[in-house]
Amino acid sequence: MIAKQIIEKKKDAHALASTEIREFIAAYTAGDIPDCQMSALAMAICWRGMTVRETADLTDAMMRSGAMLEWSEDGAPTADKHSTGGVGDKLSFVVQPLAAACGLRVPSLVGRGLGLTGGTADKLEAIPGYDATLPLARFCEIVDTVGVSMNAQTAEICPADKKLYALRDVTGTVASIPLITASILSKKLAEGVGALVFDVKCGSGAFMKTREDAEALARSLVDGAKAMGRRAVALVNDMEAPTGYAVGNANEVEEALDILARRDAARHAETAELCITEAAHMVALARDIPLEKARKLARARLEDGAAIAKFREMVAAHGGDLDAFEKRRAKRIVRRWKISAMKSGIVEKIDAAAVATAALMLGAGRMQATDKIDHDAGILLAVKRGRRVAVGDELATLETATRGDALESAAAQLYKAFAIQHATT
Ligand code: URA
């Protein structure tokens, strides 16, 4: 294989052969192809794209660069859900245990955040004692016994993606549908699950800003998963405004717990419905039953407490203390700042990207991979889009344990997220 010829072939808009893709990725992972050649190929892929077959080959090559999990045939069916990432996205804490409560095994390897708020693994670590870095063998054991485990991606899974993603991050080659597809899919397929549900976010707080791009990514993920023999569905969900009320880490887990415990159900109805829909798709695909039947089952398991029981069991298996987390909730030591409406009207917009920037300023996310997250930092929205507010009504509260000095500027940033439209009636 001559790397330069493969780069030129893609630069000239030709489809690469399966062996060319496989050998290029294997050589790059082994350190036999330098970063400069890999970034040249990534840039050529950004411009020229890839066919469904090439994307599947790239996914396969990346998936095979590390460990691949296998699940016993005689156990419960396996499935996972992957979100492309959004602001206030706490759905996994409800969806994954809910799907397990409906009889699935859910091995969920989750990410850490860079930019915006923390990733799912960071948020789970807000629970005292929760170890999201268990070895793969223990992760598999928990999936087989409890039904669900959420653990950080380990170094053994898809090392090619780890290396390539870091390179794409600094060479302006992240925004490419085939590269994003192969990156996400290779990691999810390495989990060895039979069914995958993709939650593709669309809007200011998401990777994909337009409906057209989100639908293209959704199609690509589903085509790729099917080409690799899995059942798959993608849902495109709005990310112009944050999901639910909490944006941060500990506060997002708290909101998920409220949904699981059916506390203040009317307030959380919209987010709970999203969770039921995603879990229902997982169950329908994995158990091969009609979606409406799966939806009824998921709703029943949320309402009868089976989902929160699964979440508790999973947290305990990871060494976490949920009671301590709940007790701490009321007496979190943070500095707070409240922002209020300066005019009356209807809340027309709560810009997800602006909210995320404010949360990042408070310490809820990382600017660099080595930054430490403040699990108690974040934002609690007091209103949702469409709500009528009067002058002085609370819009949101900002909290931070570590960046008190940034509260005022983060509050000014957060205020910019709101658009209030004057209403005459
Ligand atoms: N998430 C990933 O895991 N990879 C990408 O390329 C983009 C988002």
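Hydrogens, waters and symmetry mates play no part in the numbers below; they use all other heavy atoms, side chains included. Throughout, numbering of the chain's residues begins at 1 and tracks the sequence. Counting starts at 1 for both ligands and their atoms, in listed order.
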Would one find an N or O of Tyr165, backbone or side chain, under 3.5 Å from an N or O of ligand 1? no

Take Thr171 and Ser39, measure what side chain to side chain donor-acceptor pair (under 3.5 Å) needs, and give me the verdict at the end. CA-CA 7 Å; Thr171 54; Ser39 22; 5.2 Å; no

I would like to know whether Asp35 and Tyr28 meet side chain to side chain contact (heavy atoms under 4.5 Å, CB included); could you show each step before the answer? CA-CA 8 Å; Asp35 281 352; Tyr28 175 61; 3.1 Å; yes

heavy-atom search around atom 1 (N) of ligand 1 in the protein gives Ile184 CG1, 3.8 Å

Looking at Arg262 and Glu303, is any side-chain nitrogen of the basic one under 4.0 Å from a carboxylate oxygen of the acidic one? yes

Taking the side chain as every heavy atom from C-beta outward, state whether Cys202 and Thr210 have any atom pair closer than 4.5 Å. no

Ranked by distance from atom 3 (O) of ligand 1, the top protein heavy atom is Lys187 NZ, 2.5 Å

Would you mind checking which non-hydrogen protein atom is closest to atom 8 (C) of ligand 1, with the distance to 0.1 Å? Phe207 CE1, 3.3 Å

Atom indices of ligand 1, in the order listed, that fall short of 4.0 Å to a heavy atom of Ser183: 2 (C), 3 (O), 4 (N), 5 (C), 6 (O)

Looking at ligand 1, would Val174 count as a contact under a 4.0 Å heavy-atom criterion? no

Going by atom types alone, do Thr133 and Asp131 pair a side-chain donor with an acceptor below 3.5 Å? yes

